[in-house]
Amino acid sequence: MTFKCFERNIKKVIFFSFIIFIYFYFFNASINANSINTKEEELKSSLYCNNDIIMDLESGNIIFEKNAHNKVYPASTTKVLTALLAIENLNLDDTVVVSKNAVYSTPIGSSIMYLKPEEVISIKNLLYGLLLQSGNDAANALAEAVSGNIPDFINLMNLKLKEIGCNDTHFTNAHGFHDSNHYTTVFDMAKLFRYAVQNETFKEIIATKEITIPKTNKTEERTYKNTNKMFNPKYTKMYYEYVIGGKTGYTEEARGTFVGYGKKDDKTVIVCAFDGSQNISGNEGRFLDSIQLFEYAFNNFNKYKLLDKNNFTFCINDENYNKKYTFSIKDDMYALYNNDFHFSRYTLNLTQNDLESYNLNDKVGTLTVSTNGNSVDVTNTLDLILVSKENYFNASSNIKLYINIILCILCIVIILFTFKNCFKKSKKKIRKPNTKMQRRNYNI
């Protein structure tokens, strides 16, 4: 009796313990989720710009956004693409002769680096004038150097945008001076900037705080300071020690714009702050927002290894030669996230079909990884390398062979058995005469 009572009580204790566990688990989870949502809402309400975004540089994961897909005017952040195309298509040490068109077609009221017609200047110094001084005349000169004329360069810009995946962006000039048909989104600008900072020359120039370029045939030496005020400690509320570099922009229609990136510890993020006031108690909204965005990312998100190159492999069996090939990603894949991140699909792309021609550690293709972050799908392309190739026992082929042999043997046995039966039936059975009956018949 006592044992049954004890057993009933134990069951009740287990049952109620389970209920309490479930309650606290989901209660704490909801608190965690609510705290994250609360922080996001607090950040959104404190921002001065109308369009903001934070993108994890390594994975492309969007960890915060405010009106990220709304149409905005980029102003001089357009020059990120102009610089990138110049770096990709020109030799930085080459010189160009600045045309009259490049100088005189610059819109009135533009920021300029004060180029002169017929001035001979290097591509690299034009890039400093473009990205530090934000010279619209430098943008025109680089456009002509790349494509021969500005209209062809604009076509090249829009083709490059599509290649990168900036599908909601269209440019009509190389510098960003206002045009109603020259627009973007902060999501597209973050994508473009992420692509651009893969280039070491671009990174070097946008991280430069001040430079003096030598005199030319038309001018004396010139000193340019970066328009990014987060670099300058004298702007106490806009200075930020963890910013690496970026590009500013301003027109009356676009208002203040900024795209750039920063790093703290092992976390590197891209921020965009567009359509912000240029005078908030003497400070600029684009920089005040950028600092808040950086701090939110660094303080609320952690870096995790999503794919380990040593444990993430693909195998392909070549049945013609009984070979097994194993591929892996060249580098580990990391991302910043807070429990709201998952993979949706993988796509394997091999560069050729002749796998035997590869050597170990050769790049054999790419792995496209599609992931879902806090708000949008993001696609990353990782290099695939060959890590092993070996002989293997093709069990499926051998099993088929064995089955075929057995079936053939069975068929032969059945045929032989059938012939044997037919042969037996064809023989006539010889009966011996009944001598006793015969004798009886004779006696009658």
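Just so it is clear, the values below take in all heavy atoms, side chains as well, and ignore hydrogens, waters and symmetry mates.
- Partners of E295 according to the salt bridge (charged side-chain N to carboxylate O under 4.0 Å, His left out) rule, which considers only residues two or more places apart in sequence or in another chain, do not exist here.
- In terms of the side chain to side chain donor-acceptor pair (under 3.5 Å) criterion, residue partners of S46 (sequence neighbours excluded) are, by chain and number, Q292.
- Checking K79 against S76 by side-chain atom types alone, a donor-acceptor pair falls below 3.5 Å.
- Judged by distance alone, with hydrogens and angles left aside, the side-chain atoms of N181 form no donor-acceptor pair with the main-chain N or O of T172 at under 3.5 Å.
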Derivation of the side chain to side chain donor-acceptor pair (under 3.5 Å) call for K162 and N167: CA-CA 6 Å; K162 296 304 178 187; N167 298 318; 4.5 Å; no

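- More than 12 heavy-atom neighbours from other residues, nucleotides or ligands sit within 6.0 angstrom of NZ on K44.
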Only distances under 3.5 Å count here; give the side-chain donor-acceptor pairs of residues 327-336 to other protein atoms, sequence neighbours excluded, each with its distance to 0.1 Å.
{"unit_1": "S328", "atom_1": "OG", "unit_2": "K309", "atom_2": "O", "d": "2.4"}
{"unit_1": "S328", "atom_1": "OG", "unit_2": "F312", "atom_2": "O", "d": "3.1"}
{"unit_1": "D332", "atom_1": "OD1", "unit_2": "K309", "atom_2": "N", "d": "2.7"}
{"unit_1": "D332", "atom_1": "OD2", "unit_2": "K305", "atom_2": "NZ", "d": "3.4"}

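- Between I62 and I54 the shortest side-chain heavy-atom distance does not fall below 4.5 Å.
- Residue D188 comes nearest to G165 through the heavy atom pair OD1-O, 4.2 Å, listed as atom of the first residue, atom of the second, then distance.
- Counting heavy atoms from C-beta outward, L127 and I205 have side chains that approach closer than 4.5 Å.
- Here N359 contributes atom CG and D362 contributes atom CG; the two are 5.0 Å apart, rounded to the nearest 0.5 Å.
- If you take CG on D308 and OG1 on T313, they are separated by 10.5 Å, rounding to the nearest 0.5 Å.
- In this structure, the side chain of S110 does not engage the main chain of T106 through any donor-acceptor pair within 3.5 Å.
- K225 contributes no side-chain N or O that, together with a main-chain N or O of I211, makes up a donor-acceptor pair within less than 3.5 Å.
- Looking at heavy atoms from C-beta onward, L142 lies in side-chain contact with L130 at the 4.5 angstrom threshold.
- Between the side chains of K160 and Y195, at least one donor N or O sits under 3.5 Å from an acceptor N or O.
- Residues C315 and T326 come closest through the heavy atom pair SG-OG1, 3.6 Å.
- Residues meeting the side-chain contact (heavy atoms from CB on, under 4.5 Å) test with K203, sequence neighbours left out: V197, E200, Y261.
- Considering only residues two or more places apart in sequence or on other chains, T212 meets the side chain to side chain donor-acceptor pair (under 3.5 Å) condition with T223.
- R194 places a side-chain N or O within 3.5 Å of a backbone atom of L57 that can act as its donor or acceptor partner.
- Checked by atom type and distance alone, the side chain of T185 never pairs as donor or acceptor with a backbone atom of N70 at under 3.5 Å.
- Applying the side chain to side chain donor-acceptor pair (under 3.5 Å) rule to N283 yields no partners; only residues at least two apart in sequence or on another chain are considered.
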Quick one: do S105 and K100 satisfy side chain to side chain donor-acceptor pair (under 3.5 Å)? Show the steps, please. CA-CA 8 Å; S105 66; K100 290 181 180 179; over 6 Å; no

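- The distance between the ring centers of H182 and Y73 does not fall below 6.0 angstrom.
- Applying the salt bridge (Lys or Arg N to Asp or Glu O under 4.0 Å) test to every pair with at least one member in residues 105-129, sequence neighbours left out, gives these pairs: E119-R222, K124-E204.
- Closest of all the heavy-atom pairs between R286 and S290 is O-OG, 2.7 Å.
- A donor-acceptor pair under 3.5 Å is absent between the side-chain atoms of E284 and the main chain of I280, judged by distance alone.
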Using residues 262-273 as the side-chain source, report each donor-acceptor pair under 3.5 Å to any protein atom, sequence neighbours left out, with the distance given to one decimal.
{"unit_1": "K267", "atom_1": "NZ", "unit_2": "F298", "atom_2": "O", "d": "2.8"}
{"unit_1": "K267", "atom_1": "NZ", "unit_2": "F301", "atom_2": "O", "d": "2.9"}

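- Listed by first and then second residue, the side-chain hydrogen bond (donor to acceptor under 3.5 Å, both in side chains) pairs that reach into residues 251-260 are R255-D275, sequence neighbours excluded.
- No side-chain heavy atom of M55 sits under 4.5 Å from any side-chain heavy atom of N61.
- Going from atom NZ of K229 over to atom CE of M238 covers 5.0 Å, rounded to the nearest 0.5 Å.
- When all heavy atoms of A174 and A143 are compared, the closest pair comes out as CB-CB, 4.2 Å.
- A donor-acceptor contact shorter than 3.5 Å is absent between the side chain of N125 and the backbone of I121.
- With sequence neighbours left out, N101 forms a side chain to side chain donor-acceptor pair (under 3.5 Å) with E144.
- A donor-acceptor pair under 3.5 Å links the side-chain atoms of T77 to the main chain of P74, judged by distance alone.
- In this structure, CG on N232 lies 11.5 Å from OG1 on T227, to the nearest 0.5 angstrom.
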Side-chain atoms of residues 145-156: list all donor-acceptor pairs with protein atoms under 3.5 Å, sequence neighbours left out, distances to 0.1 Å.
{"unit_1": "N149", "atom_1": "OD1", "unit_2": "D152", "atom_2": "N", "d": "2.8"}
{"unit_1": "N149", "atom_1": "ND2", "unit_2": "D152", "atom_2": "OD2", "d": "3.0"}

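- The CG atom of L384 sits 10.0 Å away from the OH atom of Y358 when rounded to the nearest 0.5 Å.
- Side chain of E65 to main chain of A68: a donor-acceptor pair is present (N/O by atom type, distance under 3.5 Å, no hydrogens or angles).
- Residues N140 and D137 are not in side-chain contact: their nearest non-hydrogen atoms beyond the backbone lie 4.5 Å or more apart.
- Taking the centre of each ring, Y128 and Y224 stay at or above the 6.0 Å mark.
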Can you check side-chain contact (heavy atoms from CB on, under 4.5 Å) on L161 and L81, steps first, answer last? CA-CA 8 Å; L161 288 168; L81 181 56; 3.7 Å; yes

Can you list the steps and then say if N228 with F287 is a side-chain contact (heavy atoms from CB on, under 4.5 Å)? CA-CA 8 Å; N228 180 3; F287 299 129; 3.6 Å; yes

Please lay out, stage by stage, how D52 and F274 fare under the test side-chain contact (heavy atoms from CB on, under 4.5 Å). CA-CA 6 Å; D52 300 90; F274 278 49; over 6 Å; no

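- For the pair K71 and Y183, the cation-pi test (distance below 6.0 Å, angle within 45°) is passed.
- A distance of 10.5 Å separates OG of S134 from NE2 of H175, quoted to the nearest 0.5 Å.
- A 4.5 Å side-chain heavy-atom check between N173 and P107 finds every atom pair outside the cut-off.
- Considering only residues two or more places apart in sequence or on other chains, E210 meets the salt bridge (charged side-chain N to carboxylate O under 4.0 Å, His left out) condition with none of them.
- Here the side chains of F294 and Y242 are not in contact, with every heavy-atom distance at 4.5 Å or above.
- Donor-acceptor pairing under 3.5 Å is lacking for the side chains of K66 and N51.
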List the steps and the verdict of side-chain contact (heavy atoms from CB on, under 4.5 Å) for I63 and Y296. CA-CA 10 Å; I63 59 179; Y296 176 77; 5.7 Å; no

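- For the pair N158/F171, a side-chain contact is recorded, criterion being any heavy-atom separation below 4.5 Å from C-beta on.
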